[in-house]
Amino acid sequence: MSLVSLHDVGFTYAYADRPALREVTLEIEPGLLYGVVGANGSGKSTLCSVLRGVIPHFHPGELTGAASIHGTDLLDWDPGELSRSVGYVFQNPFTQISGIKETVFEEIALGLENLRTDPAEIVERVLEVIDRVGIRHLMTKNPNELSGGQRQLVAFAAIVAMDADFVVIDEPTSQLDPETSEKVFSIIAGLKERGTSIVLVEHKIDLMAEYADRLIVMSRGRVLEEGPTREVLVSPSLDEAEVLRPEVTDLALALERRGDPLPRVPITRAEARELLAPRLEEAPDAHRTH
Ligand SMILES: Nc1ncnc2c1ncn2[C@@H]1O[C@H](COP(=O)(O)OP(=O)(O)OP(=O)(O)O)[C@@H](O)[C@H]1O
């Protein structure tokens, strides 16, 4: 059974003059990492809110079509129950911190406390996640005194600590440097390996290319395409959605148009290096002898 099933779903926020989502039909299958890409305002966060079940429970508006999570209609879910089974990282670093806890440690423990996890287990899990995310130095700091990027890491750690089987993560790295972004992605990949299903909104297309199994392309509230990452990255729907491809993919497509294609179109740098290596070896170095 699909984890989430959406059929012809539309959503219009209260007082908005047009829908934020239109005619969205989508199946989210368990055990995969789905990347959501699209321009600003294309509906990615709204889709996340539907997938997580906070629409229509917490955001007023009109939901149309049929949406079910774990086989139960969205409208029949008790919001509390749903938040226990779906973890979520908000993109806004200033709202994703509860504001009620005095230390980073307590902030990360908050979700587990709400789940009434045994206190000894909370300590063990929070410490383990703090080390995995690399924020031990922040442990006793006040969350309200952190930088945007540090808050983002703390919110991410709180989700990882909850160990939900389905996680929706909305722009976890927007304020992080490349190295820390890479680390967050490798932790997300680790969650997937442990069986967590993940929907991830992210603008860093190179990281999406490397880690996502499937991509969902959004434009003006619609899902233009959903499919395996490799297929979607060469599809015209990305142009229509105004989403940039990885540079290596763009270059390979340009070579193809010139009639000089690589054996296949790379989507990561590592793959591009591998595909280009034979050409570089063959390249005449005669110019050096002159
Ligand atoms: N709480 C809200 N009330 C009214 N309209 C909203 C609300 N949140 C989003 N919208 C509108 O819904 C549309 C989709 O917004 P959404 O935040 O889902 O897009 P997004 O793709 O996540 O954008 P971004 O990349 O900028 O985060 C936009 O037109 C936005 O203005």
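First listed ligand is number 1; within each ligand, the first listed atom is number 1.
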*Would you say Ala16 has any N or O atom under 3.5 Å from an N or O of ligand 1, going by distance alone?*
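Min N/O separation from ligand 1 is not below 3.5 Å for Ala16.
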*Arg18, any N or O under 3.5 Å of ligand 1 N or O*: no
Distance under 4.0 Å to a non-hydrogen atom of [X]: what atoms of ligand 1 satisfy this?
X: Ala39; value: 21 (O)
X: Glu171; value: 25 (O), 27 (O)
X: Ala20; value: 12 (O), 13 (C)
X: His203; value: 25 (O)

Contact with ligand 1 for [X], non-hydrogen, under 4.0 angstrom:
X: Met218; answer: no
X: Gly221; answer: no
X: Gly38; answer: no

_One residue to check: His59. Relative to ligand 1, which of side chain, backbone, both or neither has a non-hydrogen atom less than 4.0 Å away?_
neither
*Under 4.0 Å, heavy atoms only, figure out whether ligand 1 is touched by the backbone of Ala14, its side chain, both or neither.*
neither
*Closest by any non-hydrogen atom to atom 16 (P) of ligand 1: pick that one out of Thr46, Val37, Asn40.*
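Result: the heavy atom closest to atom 16 (P) of ligand 1 is in Thr46.
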*Output, in order, the C-alpha distance, side-chain angles, deciding distance and verdict of ring pair (Phe, Tyr, Trp, His ring centres under 6.0 Å) for Tyr13 and Phe11.*
CA-CA 7 Å; Tyr13 287 97; Phe11 182 72; 4.9 Å; yes
*asked:* Can you see whether Glu210 engages Thr268 through a side-chain donor-acceptor pair at a distance of less than 3.5 angstrom?
replied: no
*Do Thr196 and Asp165 have side-chain atoms, one donor and one acceptor, less than 3.5 Å apart?*
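Checked: Thr196/Asp165 side chains show no N/O donor-acceptor pair below 3.5 Å.
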*Does a salt bridge link Glu271 with Arg264, judged by any charged N lying under 4.0 Å from a carboxylate O?*
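Salt bridge flag = yes for Arg264 with Glu271.
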*Lys/Arg-Asp/Glu bridge criterion (N-O < 4.0 Å) met for Arg136, Asp131*: yes
*Might you work through the side chain to side chain donor-acceptor pair (under 3.5 Å) test for Glu240 and Ser219, ending with a clear yes or no?*
CA-CA 8 Å; Glu240 192 182 338; Ser219 172; 5.5 Å; no
*For Ser2 and Glu29, run side chain to side chain donor-acceptor pair (under 3.5 Å): C-alpha distance rounded to whole Å, both residues' side-chain angles, the deciding distance at 0.1 Å, then the answer.*
CA-CA 5 Å; Ser2 301; Glu29 303 296 341; 3.2 Å; yes
*Give a yes or no answer on whether the side chain of Thr25 reaches the backbone of Asp8 with a donor-acceptor pair at less than 3.5 Å.*
yes
